[in-house]
Amino acid sequence: MNLLDTIAAVSTPYGKGGVALIRISGDSAIEIADRVFAARSGKRLCECEHAKMVYGEIYMPDDRDRHTGIDDVMAVVFRAPHSFTGEETVEISCHGGILVTKKVLSAVLLAGARAAQAGEFTRRAYVSGKLKLTEAESLGDLLEARSESQLALARGGMKGRLSKKMSELYERLRSVLTSIYAVIDFPDEDLSEMSREEMEMHLCEIRDGVEALKATYGTGGAVSEGIPTVICGRTNAGKSSVYNRILGYDAAIVTDVEGTTRDVLRETAIVGKATLLLSDTAGLRDTDDKVESIGIERSIREIEGAELILAVFDASREPTEDDAMLCERIAESGKPSVALLNKSDLGVEPSAKLVELCARFSRTVSVSAATGDGFDELSKVIDDMFIDGDIDMENDAVVTGARQYSALCSCCELLLRAISDMRAGMSLDACCVGVECAMSALGEVDGREIGEEIVAEIFSHFCVGK
Ligand code: GDP
């Protein structure tokens with residue numbers, strides 16, 4: 001991908017709409033737009049003011065006499081570096097018909113622009129320093145946001161809540177490193193601004209800061225990425241009914257025929273502030289049916305891969321050996337789990353044996369998938385388990401992605417080692433390497449020090465035109 005080309009794309013979604021926006025960015029953006037745009041005023045775009053809308057018409061670039069117009073449009077010029085990408089940019093708002101939008105884009109491409117790849121505008125904003133990597137990731141999250149909490153987190157990230165915190169920690173680490181270099185390079189002169197004790201103290205405080213950020217990922221990840229959640233239980237306990245109730249529509253087939261759900265079904269649901277990556281599984285029971293057995297095998301694998309287990313029991317019935325076996329498995333996994341005592345609408349008190357089995361779960365909630373009773377309580381329980389109520393999603397620095405979290409974990413480990421080396425009286429030369437690596441790990445979070453491949457991977461998830 002050549003970042004020096006001038007690129008263009010339709011930035012609004014494909015389809016019929018009132019208006020469509022075509023964005024052109026790069027050194028030749030204004031020149032290219034001038035080849036296709038004729039302002040009513042007769043002014044060329046290169047003479048127009050920054051960020052001011054100009055009314056005019058679009059023509060094919062080879063229509064020298066400007067004989068056959070394609071569409072009446074509004075064009076705006078944003079001069080570098082005061083644009084989203086930091087480059088010369090022109091935005092053309094045309095009528096939002098599919099064919100007319102296509103024709104305006106074709107004119108721009110024929111005039112010399114290259115079709116932009118997915119996320120290329122945002123990538124340019126990152127390369128030109130207009131956006132930190134965490135801010136670009138938050139922008140991606142904003143486009144995907146489906147819940148108020150996801151939106152608040154994305155907005156906070158775009159405002160630079162996380163990147164500012166990262167910069168503070170990074171600069172503090174840099175000043176410790178500068179002091180270490182001063183001692184190493186000029187051992188006989190007193191150039192360092194910090195004593196060895198002060199260096200150690202700063203490293204401890206920086207590590208505490210990184211730990212505090214890491215701790216926000218429990219909430220940030222649960223809201224932004226979602227919690228892999230499995231719904232499991234004995235066949236006919238009401239798993240598919242619970243799955244449908246949480247989703248709010250009938251995604252799974254519900255019957256009283258045992259073994260109806262055979263393959264694993266997956267959907268995303270917003271429950272309270274958390275996002276659940278839900279899977280509905282085949283019921284656990286002994287069976288000779290080959291297809292159902294494979295389904296059961298898959299259910300067991302899902303339980304192993306989940307971070308939250310919702311185990312459904314038919315509260316109107318005595319638990320069976322299958323129920324006991326499931327509880328055993330869940331307890332062994334040590335994962336957060338909720339026992340759902342389903343069919344509460346039948347008014348049957350759960351047996352003492354079932355209550356005893358449920359004691360092995362993190363929480364128990366009585367529900368009715370038939371009437372919806374108990375599901376508000378389930379939302380509260382999940383929020384309680386995964387969301388830190390003290391976090392202000394929009395105004396605090398919150399870690400929202402696995403990539404950011406894993407770089408912070410490496411940074412913490414490296415700092416811990418450097419601190420213990422210092423305490424063990426090792427030379428500053430030896431400690432220095434650990435501090436340098438910790439700084440690189442920290443720099444990975446907001447993209448100061450990051451490989452091209454990772455950057456390409458991050459931006460490939462954006463849509464074309466963003
Ligand atoms: P699964 O095999 O565990 O997925 O169970 P299903 O969701 O397919 O439900 C099995 C049967 O139980 C169906 O006949 C459902 O209508 C019934 N059922 C599920 N949930 C409830 C509930 O909350 N109350 C009552 N009364 N019946 C339910």
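Quick caveat, the model's predicted, so the values are computed rather than measured. Atoms within each ligand, like the ligands themselves, are counted from 1 in listed order.
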**Message:** Check this for me - ligand 1, Ser241, N or O atoms closer than 3.5 angstrom, yes or no?
**Reply:** yes
**Message:** Just to be sure I read this right, does ligand 1 sit under 4.0 Å from the backbone of Asp345, its side chain, both, or neither, counting only heavy atoms?
**Reply:** side chain
**Asked** Crowded around Arg172 CZ? As in, over 12 foreign heavy atoms under 6.0 Å?
**Response** yes
**Request:** For Arg124 and Glu87, indicate whether the former's side chain and the latter's backbone hold a donor-acceptor pair under 3.5 Å.
**Result:** no
**Item:** All salt bridge (Lys or Arg N to Asp or Glu O under 4.0 Å) counterparts of Glu91, not counting sequence neighbours
**Value:** Arg23
**Proximal atoms of ligand 1 relative to Lys239 (non-hydrogen, under 4.0 Å)** = 1 (P), 2 (O), 3 (O), 4 (O), 5 (O), 7 (O)
**Message:** Test your reading of the structure: does Leu346 have an N or O sitting under 3.5 Å from an N or O of ligand 1?
**Reply:** no
**Asked** With sequence neighbours excluded, what pairs up with Glu321 under the salt bridge (Lys or Arg N to Asp or Glu O under 4.0 Å) test?
**Response** none
**Asked** Would you call Lys214 and Glu211 a salt bridge, taking side-chain N to carboxylate O under 4.0 Å as the test?
**Response** yes
**Request:** Of the side chain and backbone of Val367, name the one, both, or neither that has a heavy atom under 4.0 Å from an atom of ligand 1.
**Result:** neither
**Prompt:** Out of curiosity, is Gly233 lining ligand 1, as in a heavy atom under 4.0 Å away?
**Reply:** no
**Distance filter under 4.0 Å to Ala369 heavy atoms, resulting ligand 1 atoms** = 20 (N), 23 (O)
**Message:** How long is the straight-line distance from CG of Asp71 back to CD1 of Ile92, given to the nearest 0.5 Å?
**Reply:** 10.0 Å
